[in-house]
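Ligands are counted one by one from 1 in listed order, and the atoms in each one are counted from 1 as well. Keep in mind that this is a model prediction, so the values were computed, not measured. Sequence positions, counted from 1, serve as the residue numbers for this chain.
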Amino acid sequence: MSETETGAGTAAVKAGSAGDEKPLLKVEGLVKHFPIKKGLLQRQVGAVKAVDGIDFEVRRGETLGVVGESGCGKSTMGRLITRLLEPSGGRIEFDGTDITHLNTSGMRPLRRDVQMIFQDPYGSLNPRHTIGSIVSAPFRLQGVEPEGGVKKEVQRLLELVGLSPEHFNRYPHEFSGGQRQRIGIARALALKPRMVVADEPVSALDVSIQAQVVNLMDDLQDELGLTYVIIAHDLSVVRHVSDRIAVMYLGKIVELAERDALYASPMHPYTKALLSAVPIPDPKRRTAKSERILLRGDVPSPIAPPSGCRFHTRCWKATEVCRTTEPPLAELRPGQRVACHHPEDFEDQQPQDTVLLSVAKEAAELVPDEVSREPAAAEETAEETTEETAEAPEEAAVKSSTEPSEESSTDESK
Ligand SMILES: Nc1ncnc2c1ncn2[C@@H]1O[C@H](COP(=O)(O)OP(=O)(O)OP(=O)(O)O)[C@@H](O)[C@H]1O
Ligand code: SF4
Ligand SMILES: [Mg+2]
């Protein structure tokens with residue numbers, strides 16, 4: 001996203017992401033439908049299919065990045081795996097234990113192991129409480145007395161996240177956005193969790209502060225052996241800190257791959273479109289793919305997602321089979337799972353079906369890179385273009401309009 005991300009580039013290598021170990025988190029067929037109710041009797045007339053059957057695992061010690069347009073279900077997924085929301089279907093296993101439908105008392109031990117960091121460092125801290133009270137809340141809620149006492153432990157946590165122990169008696173409004181997010185991180189780490197789910201942890205922060213917070217999270221991961229799921233809009237954040245990346249579209253994972261494989265050779269057309277908004281750092285790819293893909297149209301409603309492949313209404317490769325048959329998320333290359341009938345740079349999964357849907361012909365505009373690239377950027381030599389500078393928000397290429405449905409209501413969000 002910017003040069004300020006430079007420091008975050010060191011975050012590339014993570015310990016303990018070996019593939020053969022049992023994953024820390026395993027998710028199978030996870031579903032969350034928010035019921036839409038109407039009338040006096042509150043009859044259910046439909047559902048927002050926020051998460052609609054996703055499978056993935058999170059390996060011990062790794063960072064899994066999750067990206068996708070607004071409304072595709074990222075936050076819902078995060079709240080499901082931290083069990084802040086009750087799943088409508090599927091299975092969640094944490095460290096070998098089925099936690100899909102654990103009740104409050106059953107969840108108690110898990111509450112210590114899994115923590116969430118939220119996007120809004122203003123909204124998530126109670127303005128009437130002191131920092132000491134906020135960061136020590138998890139101890140009170142869990143009835144835990146840390147060694148050396150609560151105050152000492154909170155001061156240690158404040159130091160750990162780069163704040164002064166003197167801040168104990170101050171209030172949130174006395175801090176900047178970045179400092180508040182550090183407070184949120186200190187609170188999340190209080191109970192020594194094993195997994196932290198961070199929902200857009202830096203997107204509310206000033207660009208110049210984002211890299212600092214990302215670097216802090218990265219250092220804490222190494223120091224404390226944390227496992228992260230980081231949800232982001234911003235490809236640059238995910239790129240620098242992730243070991244693997246899952247791309248979501250309308251409640252589904254459409255591609256899941258090792259970070260480098262995903263950036264070097266995306267196989268799902270949607271991933272390719274998201275990435276085509278990012279200037280290409282690799283000189284080989286830069287010459288090979290000389291166009292940007294501007295997706296046309298809006299994200300369809302998750303109340304009535306398109307049949308077959310959900311992306312077919314915006315995909316420039318869509319054929320009849322895409323309209324009728326949902327492509328499974330299949331491992332097409334080692335470690336790279338893709339849900340597409342006609343993947344990029346790969347053997348066609350449906351070679352008999354070659355006639356493009358009419359919508360496909362209009363779905364995307366392929367803009368020659370020479371035209372769309374900034375003149376200054378076009379003059380850059382390959383050597384000058386580093387990963388750290390080559391970032392742009394994915395929203396640049398992909399318009400989104402999925403807003404929460406006004407009609408929808410649920411009694412399940414907590
Ligand atoms: N409590 C709820 N009740 C009804 N619908 C909901 C609820 N929470 C989320 N949704 C809907 O579910 C869909 C997915 O929302 P979600 O917040 O998970 O998306 P997101 O990918 O996190 O989006 P963003 O990038 O904007 O944060 C959206 O259509 C949203 O309106
Ligand atoms: S080619 Fe077909 S299956 Fe693949 S993303 Fe496009 S519409 Fe979906
Ligand atoms: Mg969200």
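- The residues Arg337 and Asp55 are annotated as not salt-bridged, no charged nitrogen and carboxylate oxygen being separated by less than 4.0 angstrom.
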Please tabulate, for the side chains in residues 111-119, all donor-acceptor contacts under 3.5 angstrom to protein atoms that are two or more places apart in sequence or on a different chain.
from	atom 1	to	atom 2	distance (Å)
Arg111	NH1	Thr82	O	3.0
Arg111	NH2	Arg83	O	3.0
Gln115	NE2	Arg111	O	2.6

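- Proximity to Ser70 (heavy-atom distance under 4.0 Å) selects the following atoms of ligand 1: 23 (O), 24 (P), 25 (O), 26 (O).
- Between Arg59 and Glu258 there is a salt bridge, since a side-chain N of the basic residue sits under 4.0 Å from a carboxylate O of the acidic one.
- Ala198 approaches Met217 most closely through the heavy-atom pair CB-CE, 3.8 Å.
- Atoms of ligand 1 found under 4.0 Å from any heavy atom of Ser75, numbered from 1 in the order shown, are 17 (O), 18 (O), 20 (P), 22 (O), 27 (O).
- Distances shorter than 2.8 Å separate atom 8 (Fe) of ligand 2 from the protein N/O/S atoms Cys309 SG.
- Of the possible polar contacts, none joining the Glu57 side chain to the Pro23 backbone as a donor-acceptor pair under 3.5 Å is found.
- By the criterion of a heavy-atom distance under 4.0 Å, the side chain of Pro302, and not its backbone, is placed next to ligand 1.
- Remark: aromatic rings of His268 and Tyr249 are distant, center separation not under 6.0 Å.
- Among Pro35, Gly71, Ala47, the residue whose heavy atom lies nearest to atom 14 (C) of ligand 1 is Gly71.
- Asp98 has a carboxylate O that lies under 4.0 Å from a charged side-chain N of Arg91, or vice versa, which qualifies the two as a salt bridge.
- Distances below 4.0 Å separate heavy atoms of Val48 from the following atoms of ligand 1: 11 (C), 12 (O), 29 (O).
- Atoms of ligand 1 lying under 4.0 Å from at least one heavy atom of Glu200, given by number and element, are 25 (O), 27 (O).
- In this structure, Asp353 contributes its side chain and Val321 its backbone to a donor-acceptor pair below 3.5 Å.
- Residue Ala50 places no N or O, backbone or side chain, under 3.5 Å from any N or O of ligand 1.
- A cation-pi contact, defined as under 6.0 Å to the ring centre and within 45° of the axis, is absent between Arg128 and Tyr171.
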